[in-house]
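Residue numbers count from 1 along this sequence. We count ligands from 1, going down the list as the structure has it; atoms in each ligand are counted the same way. The figures that follow rest on heavy atoms only: side chains count, while hydrogens, waters and symmetry mates do not.
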Amino acid sequence: MPRKLTPGELIIATHNDGKLHEITALLGPYGVTPVSAGQLGLSEPAEIGTTFAENALIKARAAVAATGRVALADDSGLGVAALDGAPGVYTADWAEKRSFEGGPGRDWYMAMGKVEGKLAELGADVDRSARFFSTLALVWPDGHHGLFEGSVSGSLVWPPRGQKGFGYDPVFMIDGDTRTFAEMDPAQKQKIDHRADAFAKLVAAVF
Ligand code: IMP
């Protein structure tokens with residue numbers, strides 16, 4: 001029997017505003033008030049795991065250790081079929097600017113360009129299918145945890161299109177639609193994306 005989550009404040013182990021907005025919208029109806037690690041000034045742990053689940057647990061456990069309260073983390077990324085699933089767990093790292101690129105900091109247009117460059121090397125008729133993944137880790141102060149995995153399938157467009165959303169949204173077109181995630185109203189994207197898929201499983205288990 002999965003452990004239930006009681007209404008009230010929940011620590012969200014993220015410094016990413018895009019994720020925080022989505023998670024706030026997804027949890028609102030359940031009486032949970034998200035407070036992010038970023039808002040609390042918590043430091044970001046090194047994401048040294050090799051799977052989304054490992055990294056989600058690292059982030060949630062760090063937030064529990066710092067606050068003594070239940071914490072939720074999302075680890076997510078983009079897997080491109082023709083690149084054997086890359087960038088995968090390294091999706092955020094591909095956006096990291098090196099010093100000669102004006103770093104430190106993250107540049108999502110540079111990251112999308114890297115993906116496109118690698119696809120271009122494989123030829124004009126390369127398979128452009130891709131999948132967004134999200135793994136949620138919910139960790140309690142006594143160490144108990146739950147893991148919930150979601151994903152959505154789509155394809156990559158080039159050049160990037162749309163001004164909404166965050167990260168790789170301007171190049172991802174979910175199957176069955178002609179708009180990129182960045183061309184969709186965020187409220188609509190949040191209902192159909194990989195995080196919504198993972199949240200549906202979390203909600204079914206803990207509320
Ligand atoms: P991490 O989960 O913090 O390791 O970061 C994963 C990265 O994947 C994010 O920083 C985003 O750039 C990207 N990503 C995850 N979810 C989405 C999404 O819904 N849209 C666009 N990019 C995303």
Side-chain angles (χ1 to χ4, degrees), residues 11-26 36-38 42-63 71-80 83 85-97 103-116 130-139 147-158 160-175 177 179-200:
I11 309 296
I12 311 296
T14 189
H15 289 70
N16 178 324
D17 286 341
K19 282 187 189 181
L20 183 64
H21 283 129
E22 288 202 10
I23 292 171
T24 301
L26 288 159
S36 79
L42 306 185
S43 57
E44 288 185 86
E47 295 183 30
I48 55 172
T50 57
T51 63
F52 294 116
E54 281 173 10
N55 281 337
L57 282 169
I58 286 171
K59 288 186 271 193
R61 285 176 176 148
L72 175 72
D74 158 277
D75 199 62
S76 47
L78 180 73
V80 182
L83 304 181
V89 285
Y90 306 106
T91 298
D93 299 340
W94 282 32
E96 217 62 64
K97 287 185 288 184
R106 287 180 180 156
D107 181 338
W108 299 107
Y109 278 84
M110 179 186 81
M112 290 185 277
K114 271 188 204 167
V115 171
E116 186 58 26
R131 192 169 264 279
F132 260 132
F133 296 92
S134 162
T135 297
L136 299 169
L138 190 56
V139 176
L147 284 170
F148 308 94
E149 296 182 346
S151 71
V152 286
S153 158
S155 57
L156 297 179
V157 305
W158 196 258
R161 300 193 324 238
Q163 305 297 322
K164 300 167 192 156
F166 65 98
Y168 293 74
D169 280 341
V171 290
F172 188 84
M173 200 166 68
I174 192 167
D175 286 345
D177 210 299
R179 296 162 300 171
T180 66
F181 270 171
E183 291 174 311
M184 276 184 196
D185 181 31
Q188 189 184 2
K189 180 221 163 189
Q190 286 161 22
K191 288 193 184 113
I192 57 172
D193 72 5
H194 44 308
R195 218 162 281 108
D197 188 32
F199 260 93

Find all atoms of ligand 1 within a distance of less than 4.0 Å from any non-hydrogen atom belonging to [X], and give their numbers and elements.
X	answer
Asn16	10 (O)
His194	16 (N), 17 (C), 18 (C), 19 (O)
Asp169	18 (C), 19 (O), 20 (N), 21 (C)
Lys59	1 (P), 2 (O), 3 (O)

For [Y], is there any backbone N or O sitting under 3.5 Å from a side-chain donor or acceptor partner on [X]?
X	Y	value
Glu22	Lys19	no
Glu116	Met112	no
Thr14	Leu20	no
Asp75	Thr135	no
Asp169	Phe181	no

Give me the residue, atom name and distance of the protein heavy atom closest to [atom].
atom	answer
atom 22 (N) of ligand 1	Tyr168 N, 3.1 Å
atom 3 (O) of ligand 1	Lys19 NZ, 3.2 Å
atom 16 (N) of ligand 1	Arg195 NH2, 2.6 Å
atom 19 (O) of ligand 1	Lys189 NZ, 2.7 Å
atom 23 (C) of ligand 1	Phe132 CE2, 3.6 Å

Check your understanding: Of the listed options (Ser76, Gly165, Ala92), which comes nearest to atom 6 (C) of ligand 1 when hydrogens are ignored and any heavy atom counts?
Key ->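 Looking at heavy atoms only, the winner is Ser76.
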Under 3.5 Å between some N or O of ligand 1 and some N or O of [X]?
X	value
Trp108	no
Glu22	no
Thr91	no

Check your understanding: Any idea which heavy atoms bring Ala56 and Ala73 closest together, and the distance?
Key -> O-CB, 3.3 Å
What part of [X], side chain from CB on, backbone N/CA/C/O, both or neither, has a heavy atom under 4.0 Å from ligand 1?
X	answer
His15	neither
Asn55	neither
Arg106	neither
Phe181	neither

Check your understanding: Do Ser151 and Arg131 have a side chain donor and acceptor closer than 3.5 Å?
Key ->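 On atom types as modelled, these side chains qualify, holding a pair under 3.5 Å.
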Review point. Can you tell me how far CG of Asp177 sits from CD1 of Ile192, rounded to the nearest 0.5 angstrom?
Key: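 Separation between the atoms: 6.0 Å.
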Review point. Rounded to the nearest 0.5 Å, how far does NZ of Lys59 lie from CD of Glu44?
Key: 8.5 Å
Review point. How are the rings of His194 and Phe132 set to each other: parallel, tilted or perpendicular (split at 30° and 60°)?
Key: parallel
Check your understanding: Can you name the residues that form a ring pair (Phe, Tyr, Trp, His ring centres under 6.0 Å) with Trp94, not counting sequence neighbours?
Key ->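 Trp94 satisfies ring pair (Phe, Tyr, Trp, His ring centres under 6.0 Å) with no residue once adjacent residues are dropped.
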